Amino acid sequence: IKHPLQNKWTLWYYENDRTNTWEKNQKEIASFDTVEDFWSLYNHIKLASELRQGCDYSLFKAGIRPMWEDAANKRGGRWLINLERKQRSNDLDRFWLDIILCLIGEAFENSDDVCGAVVNIRGKGDKIGIWTADATNSEGVKEIGRKLKDRLHIKQKDTIGYQVHKDTMDKSVAKNFYTV
Ligand SMILES: CN(C)c1nc(=O)c2c([nH]1)N([C@@H]1O[C@H](COP(=O)(O)OP(=O)(O)O)[C@@H](O)[C@H]1O)CN2C
């Protein structure tokens with residue numbers, strides 16, 4: 001028998017198509033709820049580093065759309081990891097897989113707060129975001145941030161920031177609500 005995961009997860013793919021809206025460009029690829037089905041999907045699709053600029057992968061709990069407006073996301077925010085251009089060749093794919101395994105393996109203490117994760121492939125530098133449901137749960141949010149840095153071997157002195165989606169929507173105030 002296959003090894004069941006605690007949650008069912010859906011992988012989404014965003015391809016920049018100017019003739020469509022942002023929302024319509026978010027395509028659901030597949031859902032899985034066993035370890036084996038995860039690996040067969042992962043081995044079947046392109047690595048994040050092989051995607052064209054402007055594309056994203058998003059992995060969210062089934063039923064949660066990878067957008068601020070979803071009921072599960074709207075009171076939350078994201079830990080944001082900004083990568084340098086040179087990290088696309090040696091860190092991006094490893095970071096993204098590590099984060100996926102943290103999510104589906106429920107590695108975070110309060111994994112109930114985790115909604116999903118997004119990897120943005122961008123010329124100005126790739127980004128990985130881990131989205132949580134409740135920005136006011138400071139202890140829970142900071143525990144996830146600390147665990148992230150630990151799992152990705154990010155140096156203690158390199159801080160990462162948590163931004164509330166409401167602020168990110170209003171670009172003019174995109175600021176760090178927490179840092180670890
Ligand atoms: C429902 N809805 C429209 C909507 N809902 C959303 O949830 C949502 C958007 N729109 N996003 C749009 O993409 C642009 C680039 O953000 P980026 O994160 O790709 O980053 P870059 O600026 O391309 O680096 C954002 O400025 C925003 O326009 C982003 N986003 C998450």
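Whatever order the structure lists ligands and atoms in, that order sets their numbers, starting from 1. Model, not experiment: these values are computed from the prediction.
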(request) Around atom 26 (O) of ligand 1, find the nearest protein heavy atom and jot down its residue, atom name and distance. (result) K171 NZ, 3.8 Å

(request) Among all protein heavy atoms, pick the one closest to atom 4 (C) of ligand 1 and tell me residue, atom and distance. (result) W22 CE3, 3.4 Å

Can you find an N or O of [X] that's nearer than 3.5 Å to an N or O of ligand 1?
X: R122; result: yes
X: R78; result: no
X: K127; result: yes
X: W68; result: yes

(message) Please classify the E23 to ligand 1 contact at 4.0 Å (heavy-atom distances, strictly less than): side chain, backbone, both or neither.
(response) side chain

(message) Salt bridge check, D150 against K147: does any charged N sit closer than 4.0 Å to a carboxylate O?
(response) no

(message) Any carboxylate oxygen within less than 4.0 angstrom of a Lys/Arg side-chain nitrogen, looking at K175 and D170?
(response) no

(request) Mark yes or no for whether Y162, through its side chain, and S138, through its backbone, hold a donor-acceptor pair below 3.5 Å. (result) no

(message) Quick one: does any side-chain atom of K61 pair with a main-chain N or O of V114 as donor and acceptor, under 3.5 Å?
(response) yes

Please check if any side-chain donor atom of [X] sits under 3.5 Å from a side-chain acceptor atom of [Y], or the reverse.
X: N176; Y: Y178; value: no
X: D113; Y: T132; value: no
X: Q87; Y: D126; value: no

(message) Going by the closest heavy atom to atom 1 (C) of ligand 1, which one wins out of K74, E69, Q53?
(response) E69

(request) Start with the C-alpha gap between L101 and F38, add the side-chain angles, then the distance that decides, and say whether side-chain contact (heavy atoms from CB on, under 4.5 Å) holds. (result) CA-CA 10 Å; L101 295 176; F38 161 69; 4.0 Å; yes

(request) List every atom of ligand 1 that sits less than 4.0 Å from any heavy atom of M67, numbering the atoms from 1 in the order shown and giving each element. (result) 5 (N), 6 (C), 7 (O)

(message) Which of the numbered atoms in ligand 1 are under 4.0 angstrom from any heavy atom belonging to K124?
(response) 21 (P), 22 (O), 24 (O)

(request) Step by step, work out the salt bridge (Lys or Arg N to Asp or Glu O under 4.0 Å) result for K142 and E109. (result) CA-CA 11 Å; K142 282 189 264 187; E109 283 305 298; over 6 Å; no

Among all the protein's heavy atoms, is there at least one whose distance to [atom] comes out below 4.0 Å?
atom: atom 12 (C) of ligand 1; value: yes
atom: atom 6 (C) of ligand 1; value: yes
atom: atom 22 (O) of ligand 1; value: yes

(message) If the contact criterion is a heavy-atom separation under 4.0 Å, does M169 count as touching ligand 1?
(response) no

